[in-house]
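Everything on this sheet refers to the single structure shown next.
Hydrogens, waters and symmetry mates play no part in the numbers below; they use all other heavy atoms, side chains included. Letters A, B, ... are given to chains in the order of the sequence lines, protein chains preceding strands, and every chain is numbered from 1.
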Amino acid sequence: MAQFILTTANAATTRRRMPIRRGAVNVARFRLEGELPKDVKRWLQKGLGKTAFEPIDPKSEDERSAGFVELERSDVTEFSSAALFFSQHALFAWRVDKLKVPTNAIRASMLAWVNAFEQKNGRQPGRRERAEQKEGIKKMLRAKQDPVTKLFEVSVDLTSHDVFVWATSRTVVDEVQASLESCLEVKLTPRMPAAFLPPGAIDALSPTPELFVENR
Amino acid sequence: MASKKEERAFLRGEVGVDGQATEEVQDEAAVEQSKAQEALLRGRTWLGRECLTWLLWKSESTEALLHVEDKPLTVVFHGKLLLRAGAGDVTEAQVKGVTAPYSKLVKHALQRGLLVHTARLQLTWGEQVFEATVDAEFFDLRAVKLPALLQEEEDDKLTERLELVTRASGLVDALVAAFIKERHGKSWAGKTVPAMKEWMNDL
């Protein structure tokens, strides 16, 4: 455990409310299967780097972007030892950015343009003109708009191999699980009763009929 | 001559040449039963429901259910309790009240084939008291209440908080492991289930 460095992050650097530090605790629980690589630091840094967060390009058509970021600095994906390791834990976050121009904003801009077009040309714009204008308005509004960012913390206990995803949304939890399994090349087993059975034993079990069938 | 609306419905495959719907509209009750059945089987939720119901039965005695690292672990269900069934007239029921989980009403529901799906648990391990809401499908820990933190420095607090969450998770794991040991053992069908049924019938 010598390579793990204690961070010096303090409350002053914590701008956002982080459930990992305070507030309600809601965690989805997993266990890392198998042995961890000897060089945990390199393994995590390389793995998380593969699925590091990339901001949405406003010029693109992308409406959503997700990836891993440092816990304390959600715009940094270096994952230095000081930022990543805290005591026996690796701490980082899953960042989800969404950039979607509200339909009512496009509609309002379109209406204003149609009125101006009618006054100028004495006729209503054609279908093609409308489509072109709508695309232009969408691009213009998109360039002005900031993405909505959400952060979900992830903690990995390097001693017990427990992985906690600090989120309530099942979609987010599933996404983080799949991303971690893919980028770290590991298997994450959810801590549900079936996981406590010996391999293969679950297939031999079926619901207890006396408990599920109504007993009048 | 078919109207444009009828023609579009035909092209979408919603109606046949006779103008009748191609698929039967499913009965509302049948849809609900099928959803309840699917929820029971999805991710082997039935095993989680058996686990929480077994835990409710075991916890009524208020004695320590097991020892974790030589310290006794007691469990008390309190507050909201959600019961679900995979079939039957009632597929979901929720009760609320400090001692509601141990009420006759709940036993009656269990007797009728509903099992515990979501519960608020109070876990007392030695002198530490944890609270968490657990559901049968994922066994995630929700709205966890941790023992008061002893540390004052921000980083020490974080370490302690992480340790306590890991501890809470470990205690739930210990309970699940105890259930699985019994569920997978020979005494489940012969002793445990009859005892649980007797408890449910004791109204």
Residue pair A/Phe79 / A/Gln45: nearest heavy atoms and the distance that separates them: O-NE2, 2.7 Å
Contact winner vs chain B - A/Thr208, A/Leu91, A/Asp157, A/Leu197, heavy-atom pairs under 4.5 Å: A/Thr208
Proximity breakdown for A/Ser155 and chain B, heavy-atom pairs closer than 4.5 Å: side chain
Options B/Glu137, B/Arg142, B/Arg44, B/Arg49, ranked by heavy-atom pairs under 4.5 Å with chain A, top entry: B/Arg142
Top contributor to chain A interface from B/Cys51, B/Ala177, B/Ala85, B/Ser169 [non-hydrogen pairs under 4.5 Å]: B/Ser169
Proximity of A/Phe68 and A/Trp94 rings by center, below 6.0 Å: yes
Short side-chain donor-acceptor distance under 3.5 Å, A/Glu54 and A/Ser65: no
Chain B contact via A/Phe164 - which portion, at a heavy-atom distance below 4.5 Å: side chain
Choice from B/Met196, B/Glu163, B/Glu153, B/Arg183 maximising heavy atom contacts with chain A below 4.5 Å: B/Arg183
Atom pair OG1/CE of A/Thr103 and A/Met110 - distance to nearest 0.5 Å: 13.0 Å
Which portion of B/Val193 sits near chain A, non-hydrogen atoms under 4.5 angstrom: side chain
Heavy-atom pairs under 4.5 Å with chain A, option from B/Leu146, B/Leu47, B/Val172, B/Leu162 with the top count: B/Leu162
Part of A/Pro207 within contact of chain B (heavy atom distance under 4.5 Å): both
Verdict with reasoning, B/Trp54 to B/Phe179, per ring pair (Phe, Tyr, Trp, His ring centres under 6.0 Å): CA-CA 7 Å; B/Trp54 171 84; B/Phe179 161 74; 5.5 Å; yes
Nearest-0.5 Å distance, CE of residue B/Met200 to CG of residue B/Leu114: 10.5 Å
Cation-pi, B/Phe130 ring and B/Arg167 (6.0 angstrom, 45 degrees): no
Interchain contact, B/Leu115 with chain A, by part (heavy-atom threshold 4.5 Å): side chain
Any side-chain donor near an acceptor of the partner, B/Arg120 and B/Thr133, under 3.5 Å: yes
Which of B/Leu149, B/Leu141, B/Val134, B/Val176 touches chain A most, by non-hydrogen pairs under 4.5 Å: B/Leu141
